[in-house]
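Written below as structure tokens is the structure these notes are about.
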Amino acid sequence: MTTTPASPDPTMEAIGQAVVEGRTGDIVSARHKLLNLWSAIGVIGDPLHRCSLAHYLADLYEDPAQALAWDVRALDAADAVTEQRVQEHHAGLHIAGFYPSLHLNLADNYRRLGSFDAAAEHINAAKEHAPNLPQDAYGAFLRIALDEVAEAISQRDTAKRPSAPGPTA
């Protein structure tokens, strides 16, 4: 697997920079930058850009309803991304590998909102896609999160998971 992009992509670089900013604590600035990029990309822009941006932007909202709106956009965009487009961005990525995380996030948001049937549908979809996860630390992290969310759904627990991505309350 290569560790460098197949070709430079200024939009993906800008998304990545905003993500780093958000993860280092400047949530408001990161969110603002991603929202501006969303406006520039547009709702019918490059699906890889839309998927990536929406996926990361969802993590910048504490409110599960706001995060859910962005996670739905991310999943919708993923359905429009081609394998060729993913490979153009990064030769080591595959669109199938996006789905476990996308469905996990939807399951977690629905669960936090008390919509347990919808949460169960998405956790089951995430588990169906889990074989597409890499056998590395990221894949292990997501597999643990899948188990945590599934357990929280079965317990009808709406509390935020301590290991969930996003801003702290």
Side-chain angles (χ1 to χ4, degrees), residues 15-39 41 43 47-81 86 93-169:
I15 292 168
Q17 290 169 357
V19 168
V20 168
E21 192 171 327
R23 288 181 178 165
T24 59
D26 198 345
I27 304 295
V28 173
S29 177
R31 190 182 303 147
H32 179 73
K33 288 177 181 176
L34 289 173
L35 289 170
N36 284 340
L37 280 169
W38 181 264
S39 292
I41 294 166
V43 296
L48 179 63
H49 293 161
R50 290 185 292 122
C51 178
S52 300
L53 187 150
H55 179 65
Y56 289 118
L57 186 55
D59 289 345
L60 298 178
Y61 287 96
E62 182 66 29
D63 177 1
Q66 289 178 298
L68 177 65
W70 287 104
D71 284 327
V72 167
R73 289 178 180 118
L75 181 62
D76 285 346
D79 289 340
V81 177
V86 173
L93 291 179
H94 299 282
I95 191 61
F98 289 33
Y99 285 97
S101 180
L102 294 171
H103 283 289
L104 169 67
N105 290 356
L106 285 163
D108 205 28
N109 287 320
Y110 280 122
R111 175 194 65 79
R112 289 193 60 213
L113 292 166
S115 183
F116 297 107
D117 290 342
E121 287 177 29
H122 283 283
I123 202 66
N124 290 336
K127 287 179 176 183
E128 288 174 20
H129 290 283
N132 296 311
L133 289 171
Q135 297 298 321
D136 59 9
Y138 173 73
F141 170 78
L142 282 179
R143 286 180 188 89
I144 290 168
L146 286 170
D147 291 340
E148 290 175 353
V149 173
E151 178 63 20
I153 292 167
S154 73
Q155 298 294 321
R156 298 185 116 36
D157 180 359
T158 60
K160 182 175 180 181
R161 294 178 301 116
S163 65
T168 56

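- Taking 4.5 Å as the limit, every side-chain heavy atom of R111 sits out of range of all side-chain heavy atoms of H122.
- Looking at every heavy atom in both residues, L57 comes nearest to Y61 through O-CD1, 3.3 Å.
- Sequence neighbours left out, the pairs with a member in residues 19-38 that pass ring pair (Phe, Tyr, Trp, His ring centres under 6.0 Å) are W38-W70.
- With rounding to the nearest 0.5 angstrom, the OG atom of S154 is 10.5 Å from the CD1 atom of I123.
- A side-chain contact (heavy atoms from CB on, under 4.5 Å) with L53 is found for exactly one of L48, L35, I41, namely I41.
- Checking side-chain atoms of T24 against main-chain N and O of E21 turns up a donor-acceptor pair under 3.5 Å.
- Proximity of L34 to I15: side-chain heavy atoms (C-beta onward) are separated by under 4.5 Å at one or more points.
- Within a 6.0 Å sphere centred on OH of Y56, other residues, nucleotides and ligands contribute 12 heavy atoms or fewer.
- The distance from the OG atom of S101 to the CG atom of D108 is 10.5 Å, given to the nearest 0.5 Å.
- To the nearest 0.5 Å, atoms CG (D117) and CD1 (I153) are separated by 10.0 Å.
- Across all non-hydrogen atoms, the minimal contact from A74 to L102 is CB-CD2, 3.7 Å.
- Within the model, atoms NE2 of H103 and CD of E128 stand 8.5 Å from one another, a figure rounded to the nearest 0.5 Å.
- Of all the heavy atoms in A30 and A18, the pair that sits closest is CB-O, 3.2 Å.
- The minimum heavy-atom distance between L104 and A145, with the atom names listed, is CD2-CB, 3.6 Å.
- Considering only residues two or more places apart in sequence or on other chains, Y99 meets the ring-ring contact (aromatic ring centres under 6.0 Å, His included) condition with H129.
- When the side chain to side chain contact (heavy atoms under 4.5 Å, CB included) test is applied to A130, the partners found at least two apart in sequence or on another chain are L133, L146.
- By the 4.5 Å heavy-atom criterion applied to side chains, L106 and N109 are not counted as neighbours.
- With a 4.5 Å cut-off on side-chain heavy atoms, N105 and L75 do not count as touching.
- Taking every heavy atom of both residues into account, D71 and A58 meet most closely at OD1-CB, 3.1 Å.
- Listed by first and then second residue, the salt bridge (Lys or Arg N to Asp or Glu O under 4.0 Å) pairs involving residues 140-153 are E148-R161 (not counting sequence neighbours).
- Take H55 and apply the ring-ring contact (aromatic ring centres under 6.0 Å, His included) test, not counting sequence neighbours, and it matches no residue.
- Looking at residues two or more places apart in sequence or on another chain, you find a side chain to side chain contact (heavy atoms under 4.5 Å, CB included) between A80 and P47, R50.
- Closest approach of C51 to A78, counting heavy atoms only: SG-CB, 3.8 Å.
- At least one donor-acceptor pair closer than 3.5 Å links the side chain of R31 to the backbone N or O of L60.
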